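Here the structure comes first, spelled out in structure tokens, and everything after it is commentary.
Predicted model, so just to flag it, every value in this text is computed and none were measured. Atoms considered below: every heavy atom in the structure, side chains included; atoms not considered: hydrogens, waters and symmetry mates. Quick note: residue numbers are just sequence positions, from 1.
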Amino acid sequence: MNRKVIGTACAAVLAIGLLGAAGTPAAADDGQEHSYLVLGPQGQGTKNAQKRVAAAGGTVVAAYDQIGVLVVKSSSGDFASRVGGGLEVAATDGLGTTLIDDDAAAPVDPAALGAPGDPTAEPLWGLQWDMQQIDVAEAHGVTTGDPSVVVGVLDSGIDSSHPDLTTQIAYEQSASCIGGVVDTDEAAWNPTTSDHGTHVAGTIAAAINGVGIAGVAPGVKVAAVKVVNDDGYIYPEAAICGYLWAADHGMPVTNNSYYIDPWEFNCVNDPSQRPVWQAVQRALRYSAAKGTLTVASAGNSNVDLQHKFVDSTSPNDGSAPVEDRTITGACRDLPAEAPGVVTVSAVGPTEQKSYYSSYGQGVVDVTAPGGDTRFRTQGAARTVSDGVLSTVPGGWGYKQGTSMAGPHAAGVAALAVSAHPGMKPGQLASFLERSATPLACPAGVYNPVPLWAGSETAYEASCTGGARNGFYGAGNVNAYNVVK
């Protein structure tokens, strides 16, 4: 998305998931309807691009004039080539990716947990080690957040019937963006196949109501912005729709626990992937200009995002054979490595990097509790309670991942905006870093010890940097520091 579109009438076409043998776009010649992103010249609307689409046999289903992007459907086998000669074309169906962490949550039975723990008097507070780690109780002594502050949860939807969330949702600002098309019906933005978005929402803003858990910022609201379809995929057009919806509806913070494209790393020097980067970049720049800070998870691959490597897992959706790719500086995890995004790694209860968390000096901005149920310290027992406890449809449950770390940072950002209104995205990002609790690199090669017989998997990682380093960025977010 760093490449400029040349000429006032040019458009780039992204036909997701129809790659030819050499990574070049293949025609959608199977007679079925396929989805496309069409990129017109930015800042000039989409009128001319829409004419081209119609002439080429396509139907516009969503027009994002703000950034010059169209979402298009067409069953014409040569649609991409007919839109216009000499245009960038990259293959849209099938380019979605699953959530960074979407395993079913380990359930919790509140009746079996005994007495509630102060200071919030929530029945499950005693199990929320994550909130205690970042001084949430102390922050709540100052403020629980301003109800005018709305955090956009770009995810799989939020259960609007959950007792810890029903009062916390900004209903008028919630929408589904599946297919790149806005649908504000409540049923459309509720979850259908995944508990992920409901878990994320609870971490940010679960109510203090004598039921279940407490969120980082229970005084603010969350908006469900559904970008994950029933198969668990996040297509580029859904994410772009989500960024624009949140920005245009006044959300100062969004949480994004996913990556876009079937390629874990999107390479801007690959003509089949560049239009994704270009469209996402436009949407994120627009979002920041409208006052929205994007918070994103670093990923669960335990890779050094600063020093690229060989990706042997992509594409991961079956749209093409998995291939080995050398990942260079031109390849980025989106949205985590996009400019202006706050990228969050994960720590466990001991405040050490979670075994799975990706990292990278100059990439990770801050860290936050994400859970670590596999490793702790040598000789300690593995336990599900080392995950993050939050809301899930029908109750509460544990999950772990940088998906769980991100919403802690988003919740702290919401408290910061509540306590210090008027912060612009860049100021807010800087404030999160300056108020974080510094964490030093562990000595030597970090190698968590497997705690059960027969495990051969190594999760070695090397931390570089000083006060700001590759594992933790500026440090662990702190709720009390941003409000005091």
Next item on the list: Look only at the side chain of Ser390 and the backbone of Thr203, and say whether a donor-acceptor pair between them is shorter than 3.5 Å.
Entry: yes
Notebook entry, point to check: Could you go step by step and tell me if Ser301 and Ser358 meet the side chain to side chain donor-acceptor pair (under 3.5 Å) rule?
Noted result: CA-CA 6 Å; Ser301 300; Ser358 292; 4.6 Å; no
Checklist line | Criterion side-chain contact (heavy atoms from CB on, under 4.5 Å) on Tyr64 and Cys241, from CA distance to verdict | finding: CA-CA 8 Å; Tyr64 294 109; Cys241 167; 3.1 Å; yes
Check: With no hydrogens and no angle check, is any side-chain donor or acceptor of Thr294 less than 3.5 Å from a backbone partner on Val341?
Finding: no
Note to self: What I'd like to find out is whether the side chain of Gln281 reaches to under 4.5 Å of the side chain of Pro339, using heavy atoms alone.
What the structure shows: yes
Check: Taking atom CD of Gln168 and atom CG of Asn209, what is their separation to the nearest 0.5 Å?
Finding: 7.5 Å
Item checked: His199 side chain to Val388 backbone, donor-acceptor under 3.5 Å -> yes
Check: Nearest heavy-atom pair of Ser35 and Lys73: which atoms, and what distance?
Finding: OG-NZ, 2.6 Å
Next item on the list: Kindly indicate whether the side chain of Val69, heavy atoms from C-beta on, has any atom under 4.5 Å from the side chain of Leu39.
Entry: yes
Check: Between Met404 and His196, is a side-chain contact (heavy atoms from CB on, under 4.5 Å) present by the stated rule, with each step listed?
Finding: CA-CA 9 Å; Met404 286 59 254; His196 194 278; 4.2 Å; yes
Checklist line | Heavy-atom donor-acceptor pair, Tyr356 side chain to Gly401 backbone, under 3.5 Å | finding: yes
Check: Could you state the interatomic distance from OG1 (Thr292) to CH2 (Trp245), rounded to the nearest 0.5 Å?
Finding: 13.0 Å
Next item on the list: Flag the pair Tyr472 / Pro438 as yes when at least one side-chain heavy-atom distance between them is below 4.5 Å, and no otherwise.
Entry: no
Check: Sub-3.5 Å donor-acceptor pair from the side chain of Ser74 to the main-chain atoms of Gly57, do we have one?
Finding: yes
Next item on the list: Mark yes or no for whether Ser345, through its side chain, and Ala298, through its backbone, hold a donor-acceptor pair below 3.5 Å.
Entry: no
Checklist line | Heavy-atom donor-acceptor pair, Thr144 side chain to Pro218 backbone, under 3.5 Å | finding: no
Next item on the list: Locate the shortest heavy-atom distance separating Val61 from Val181; write the atom from each residue and the value.
Entry: O-CG2, 3.7 Å
Notebook entry, point to check: Is there side-chain contact between Val142 and Tyr480, with heavy atoms separated by less than 4.5 Å?
Noted result: yes
Item checked: Flag, side chain of Asn229 to backbone of Tyr233, donor-acceptor distance under 3.5 Å -> yes
Check: How are the rings of Tyr243 and Tyr258 set to each other: parallel, tilted or perpendicular (split at 30° and 60°)?
Finding: parallel
Next item on the list: Examine distances only and state if a side-chain atom of Ser287 and a backbone atom of Ala247 form a donor-acceptor pair shorter than 3.5 Å.
Entry: no
Next item on the list: With rounding to the nearest 0.5 Å, note down the distance linking CG in Asp159 to OG1 in Thr391.
Entry: 8.0 Å
Next item on the list: Begin from the C-alpha positions of Thr402 and Asn300 and carry the test side chain to side chain donor-acceptor pair (under 3.5 Å) through to its verdict.
Entry: CA-CA 6 Å; Thr402 54; Asn300 296 344; 2.8 Å; yes
Check: Hey, are the side chains of Val228 and Ser194 touching, using non-hydrogen atoms and a 4.5 Å cut-off?
Finding: no
Check: Side chains of Lys353 and Asn302: does their closest heavy-atom pair fall under 4.5 Å?
Finding: yes
Margin query: Counting C-beta onward and ignoring hydrogens, is there a side-chain heavy-atom pair between Val53 and Phe79 closer than 4.5 Å?
Written below: yes
Next item on the list: Look up atom SG in Cys441 and atom OH in Tyr359, then write down how far apart they are to the nearest 0.5 Å.
Entry: 10.5 Å
Item checked: Smallest separation among heavy atoms of Gly411 and Ala217, with atom names -> O-CB, 3.8 Å
Next item on the list: Would you check, one step at a time, whether the test side chain to side chain donor-acceptor pair (under 3.5 Å) holds for Asn476 with Thr367?
Entry: CA-CA 5 Å; Asn476 201 359; Thr367 194; 5.3 Å; no
Check: Any side-chain heavy-atom pair from Val225 and Thr254 closer than 4.5 angstrom?
Finding: no
Check: Glu433 and Asp365: side-chain contact (heavy atoms from CB on, under 4.5 Å), yes or no, with the steps?
Finding: CA-CA 7 Å; Glu433 296 174 17; Asp365 297 300; 3.6 Å; yes
Notebook entry, point to check: Can you tell me how far NZ of Lys484 sits from CG of Asn478, rounded to the nearest 0.5 angstrom?
Noted result: 7.5 Å
Notebook entry, point to check: Hey, mind stepping through Lys226 and Ser156 against side chain to side chain donor-acceptor pair (under 3.5 Å) and telling me if it holds?
Noted result: CA-CA 5 Å; Lys226 191 173 183 179; Ser156 62; over 6 Å; no
Margin query: So, taking the atom named NZ in Lys424 and the one named CG in Leu293, what distance separates them when rounded to the nearest 0.5 Å?
Written below: 14.0 Å
Check: Where the side chain of Glu237 meets the backbone of Val71, is there a donor-acceptor pair that is under 3.5 Å apart?
Finding: no
